[in-house]
Amino acid sequence: MDVLYFAWVRERIGLPKERIETDAENVRDLVAELSARDLRYAAAFADLSALRVALDQDLSDFDASLDGVREVAFFPPMTGG
C-alpha cells in the first residue's frame, strides 16, 4: 500500500510517500502501527483531530476499513480563501 504525507505531516515524518506492508484493518490501526515506528510518526499522528485522511483519493475517516485500499493519504484540513 502506498502511504502519502502532505504539508506539515510530510515535514514531520520527513517523507512525501512510502510503500508499506501492513495487516492493519482500518486507518486507526495503521496510524497506531506507524506511530510505533519512531518519534517522527508519533509526532505527526499525535492529534488526529488535526488530520484528514483519504483512501484511494476519496476523503474518509479513521475508522474506515483498509480492505482493498491501494493508497492512503494523510494531510491537514484545508481552508479556502
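FYI, side chains are in, hydrogens and waters are out, and symmetry mates aren't considered; it's all heavy atoms of this structure.
- Asp2 is not listed as a side-chain neighbour of Glu18, based on a closest heavy-atom distance of 4.5 Å or more.
- Atom CG of Asp63 has more than 12 neighbouring heavy atoms from other residues, nucleotides or ligands inside a 6.0 Å radius.
- Proximity of the aromatic rings of Phe45 and Phe74 is defined here by a centroid distance below 6.0 angstrom, and this criterion is met.
- A continuous path of Ile, Leu, Val, Met, Phe, Trp and Tyr side chains, each step under 4.5 Å between heavy atoms, connects Val72 with Ile20, placing both in one hydrophobic cluster.
- Following chains of ILVMFWY side-chain contacts shorter than 4.5 Å, one can reach Leu48 starting from Val53, so the two form part of one hydrophobic cluster.
- Counting only heavy atoms from C-beta outward, the side chains of Leu51 and Trp8 approach each other to under 4.5 Å.
- The heavy-atom pair separating Asp61 from Val27 by the smallest distance is O-CG2, 3.7 Å.
- A 6.0 Å sphere centred on CG of Asp67 holds no more than 12 heavy atoms belonging to other residues, nucleotides or ligands.
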Glu33/Thr22 under side-chain hydrogen bond (donor to acceptor under 3.5 Å, both in side chains): CA gap, chis, key distance, verdict = CA-CA 8 Å; Glu33 183 180 309; Thr22 181; 2.7 Å; yes
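- With a 6.0 Å cutoff to the six-membered ring centre and a 45° limit on the axis angle, Arg37 counts as a cation-pi contact of Tyr41.
- Checked by atom type and distance alone, the side chain of Arg40 pairs as donor or acceptor with a backbone atom of Ile13 at under 3.5 Å.
- Residues Ala24 and Leu30 approach most closely at CB-N, 3.5 Å, considering heavy atoms.
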Apply side chain to side chain contact (heavy atoms under 4.5 Å, CB included) to Asn26 and Phe62, showing your working.
-> CA-CA 7 Å; Asn26 58 46; Phe62 287 88; over 6 Å; no
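- The CG atom of Leu66 sits 8.5 Å away from atom OG of Ser60, with the distance rounded to the nearest 0.5 Å.
- Rounding to the nearest 0.5 Å gives a distance of 8.0 Å between CZ of Arg52 and CZ of Phe75.
- Val69 and Phe6 are assigned to two separate hydrophobic clusters, defined by single-linkage of ILVMFWY side chains at heavy-atom distances under 4.5 Å.
- Side-chain contact check for Pro16 versus Leu4: every heavy-atom pair is 4.5 Å or farther apart.
- The nearest pair of heavy atoms linking Ala42 to Ser35 is CB-O, 3.7 Å.
- Using a 4.0 Å cut-off between charged nitrogen and carboxylate oxygen, Glu71 and Lys17 do not count as a salt-bridge pair.
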